Protein chains: 2
Amino acid sequence: MNQELELVESMDKLGVLMNKFQTELLNGELKEYTLRQLYYIELIDKHEGISVSEISKTLELKKSTVSIAINQLLELEIVTKIQSNTDKRFYFIKLTPKGKDIMKMHKQVHQNTIKKIINILNPGEVDSFIKIVDKIAALNL
Amino acid sequence: MNQELELVESMDKLGVLMNKFQTELLNGELKEYTLRQLYYIELIDKHEGISVSEISKTLELKKSTVSIAINQLLELEIVTKIQSNTDKRFYFIKLTPKGKDIMKMHKQVHQNTIKKIINILNPGEVDSFIKIVDKIAALNL
DNA sequence: TATAATAGTTAGTTTGATAAAACTATTTAT
DNA sequence: ATAAATAGTTTTATCAAACTAACTATTATA
């Protein structure tokens with residue numbers, strides 16, 4: 001059969017899937033946060049000490065947008081801002097213990113799903129999947 | 001190496017990927033529509049003659065929300081509403097030629113990406129990918 | 001030293017999506 | 001025939017997320 005057509009369907013299913021994968025977060029203990037907030041938290045977890053400007057460039061958002069979002073996370077005691085000693089215009093943004101807890105729960109939710117996936121795939125399939133995703137991701141679409 | 005950890009990363013990459021896959025739509029000729037609108041259009045394309053209530057159940061949104069969205073699409077001449085003869089409370093929602101054109105463009109954008117993917121994968125990989133995605137999708141997470 | 005550039009903030013606005021509640025019109029059930 | 005249920009609409013309000021523009025504070029440069 002036509003591989004292209006089948007792949008179209010697969011991508012469709014994958015879209016639905018990834019949507020569920022993401023919105024799962026909004027059900028449990030993390031439901032008080034928005035996806036956007038969890039996304040900021042994830043980014044800060046991955047790049048400890050990142051600045052507002054850097055986030056703004058990474059996410060292609062205006063500085064004002066990011067500034068407000070970060071100060072909101074600050075208000076919620078999810079992040080801290082530490083002014084740089086060498087350049088006082090800069091602030092290093094980091095996760096607080098509360099922020100790290102959120103990140104832990106976030107990862108937990110995803111890991112639970114991943115366990116279910118590993119359960120129904122055989123090891124060879126898991127390997128193929130990882131390799132194929134890597135290849136596609138390298139495409140940079 | 002730990003398959004679970006690798007799979008976590010893969011799912012992460014897949015998230016980024018599917019995000020791009022979706023937001024690609026917002027660049028070309030379809031940029032005048034929101035993702036939400038394209039989503040409604042897709043649903044109506046797949047279920048020609050669907051009603052507001054059915055959409056509301058499918059998307060888990062209040063009827064008022066859907067009603068407004070659909071009437072907006074009506075205003076834009078993307079959908080038509082035809083009152084049922086057998087039960088005049090019902091309206092069958094369908095795509096207009098303009099709506100179908102939008103759907104065509106939408107599919108085209110995705111197909112272009114899919115061609116790129118097929119190019120860098122060998123046929124065996126495409127097959128595996130389709131099968132694996134099917135398996136995961138069947139999980140219903 | 002005076003001027004540019006950079007980091008971040010603040011104020012005000014816009015847009016898109018959502019919901020609750022009250023409503024009309026129609027159909028079903030008692 | 002009347003009451004209850006259903007489909008869809010309208011109004012009003014809320015919210016998150018984004019933007020522009022003007023601002024302060026700090027640093028780099030000419």
Side-chain angles (χ1 to χ4, degrees), chain A residues 19 22-23 25-27 30-44 47-76 78-94 102 106, chain B residues 19 22-23 25-27 30-44 47-76 78-94 102 106:
Chain A
N19 225 48
Q22 284 201 334
T23 52
L25 295 169
L26 306 177
N27 292 322
L30 295 170
K31 72 160 147 271
E32 55 183 308
Y33 307 109
T34 67
L35 268 185
R36 247 310 175 211
Q37 285 177 320
L38 293 175
Y39 196 25
Y40 278 112
I41 293 169
E42 203 175 2
L43 190 68
I44 295 162
H47 302 93
E48 202 183 58
I50 196 172
S51 69
V52 168
S53 296
E54 285 164 343
I55 295 174
S56 145
K57 276 174 206 151
T58 305
L59 303 184
E60 298 182 54
L61 295 173
K62 296 294 164 193
K63 278 190 307 175
S64 59
T65 304
V66 176
S67 175
I68 290 165
I70 295 302
N71 284 323
Q72 192 192 333
L73 293 178
L74 194 74
E75 201 62 36
L76 295 169
I78 289 168
V79 304
T80 55
K81 283 192 306 190
I82 297 163
Q83 195 171 27
S84 163
N85 283 322
T86 58
D87 185 339
K88 292 190 175 168
R89 290 171 303 180
F90 272 95
Y91 292 83
F92 300 117
I93 301 166
K94 297 183 183 180
I102 291 170
H106 180 153
Chain B
N19 226 48
Q22 284 201 335
T23 53
L25 295 169
L26 306 177
N27 293 321
L30 295 170
K31 73 160 147 272
E32 55 183 308
Y33 307 109
T34 67
L35 267 184
R36 248 309 176 211
Q37 285 177 321
L38 293 175
Y39 195 26
Y40 278 112
I41 293 168
E42 202 176 2
L43 190 69
I44 294 161
H47 304 93
E48 203 183 57
I50 195 172
S51 69
V52 169
S53 295
E54 285 163 344
I55 295 174
S56 144
K57 275 175 207 150
T58 306
L59 303 184
E60 298 181 53
L61 295 173
K62 295 294 163 193
K63 279 191 305 176
S64 60
T65 303
V66 175
S67 175
I68 289 164
I70 295 302
N71 285 322
Q72 190 192 333
L73 293 177
L74 194 75
E75 201 62 37
L76 295 168
I78 289 169
V79 304
T80 55
K81 283 192 307 190
I82 297 163
Q83 195 170 27
S84 163
N85 283 324
T86 57
D87 186 338
K88 291 190 175 170
R89 290 171 304 178
F90 272 93
Y91 292 83
F92 300 116
I93 301 166
K94 295 183 183 181
I102 291 170
H106 180 152

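Just so it is clear, the model here is predicted, and its values are computed rather than measured.
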Residue met sooner reading DNA chain D from 5', once A/Q83 and B/S51 are mapped to nucleotides
B/S51

Could you state the atom-to-atom distance from CG of B/L76 to C1' of C/dG16 in whole Å?
13 Å

Which nucleotide in the set D/dT27, C/dT10, D/dG8 lies at the smallest distance from any side-chain heavy atom of A/D87?
D/dT27

Atom pair distance, as rounded to whole Å: CG in A/L74 and P in C/dG8
13 Å

Decide side-chain contact (heavy atoms from CB on, under 4.5 Å) for A/I78 and A/Y33; before the verdict, give the C-alpha distance in whole Å, the side-chain angles of both, and the deciding distance to 0.1 Å.
CA-CA 11 Å; A/I78 289 168; A/Y33 307 109; 3.6 Å; yes

Within this structure, what is the CD1-to-P distance between B/I82 and D/dA7, rounded to whole angstrom?
19 Å

Looking only at heavy atoms, the pair that brings B/Q37 and B/Q72 closest together is NE2-NE2, 2.8 Å

Let me test you: for the helix from C/dA5-D/dT26 to C/dT30-D/dA1, what is the angle between the axes at its two ends (five pairs each), rounded to 10 degrees?
20°

Mind calculating the distance between CZ (B/F90) and C1' (C/dT28) to the nearest angstrom?
13 Å

Describe the nucleic acid contact of A/K81 in one word from base, sugar-phosphate, nothing, applying a heavy-atom distance below 4.0 Å.
sugar-phosphate

Any side-chain to backbone donor/acceptor pair from A/Q83 onto A/K88? Under 3.5 Å, distance only.
yes

Of all heavy-atom pairs between B/L25 and B/L30, which one has the smallest distance, and what is that distance?
O-CB, 3.3 Å

Of all the heavy-atom pairs spanning B/L61 and B/R36, show the shortest one and how long it is.
CD1-NH2, 4.2 Å

Between A/E48 (side chain only) and A/K94 (backbone N and O only), is there a donor and an acceptor less than 3.5 Å apart?
no

Shortest non-hydrogen pair, A/T23 vs A/N27, comes out as O-ND2, 3.8 Å

On a heavy-atom basis, which atom in B/L74 and which in B/T80 lie closest, and how many Å separate them?
CD1-CA, 3.8 Å

Distance, rounded to the nearest Å, where B/I70 contributes CD1 and C/dG16 contributes C1':
15 Å

Closest non-hydrogen contact found for B/G49 with B/F92 is O-CD2, 3.2 Å

What does nucleotides 17-23 of chain D look like as a protein-contact string, B for base, S for sugar-phosphate only, - for none, at under 4.0 angstrom between heavy atoms?
SSBBB--

Which label fits C/dA4, syn or anti, where anti is any glycosidic angle not within 90° of 0?
syn

On the nucleotide C/dT10, are OP1 or OP2 found under 4.0 Å from the side-chain N or O atoms that A/S67 carries?
no

Please report, rounded to the nearest Å, how far the C1' atom of C/dG16 is from the OH atom of B/Y39.
17 Å

Between C/dT10, D/dG8, D/dA28, spot the one nearest the side chain of A/R89, thanks.
D/dA28

B/I55 CD1 to C/dA17 C1': how many Å, rounded?
15 Å

Separation of B/N71 atom CG from D/dA7 atom P, in whole Å?
17 Å

With no hydrogens and no angle check, just 3.5 Å: does a side-chain donor-acceptor pair link A/S84 and A/T86?
yes

Side chain of A/K88: nearest nucleotide among D/dT27, D/dT10, C/dG8?
D/dT27

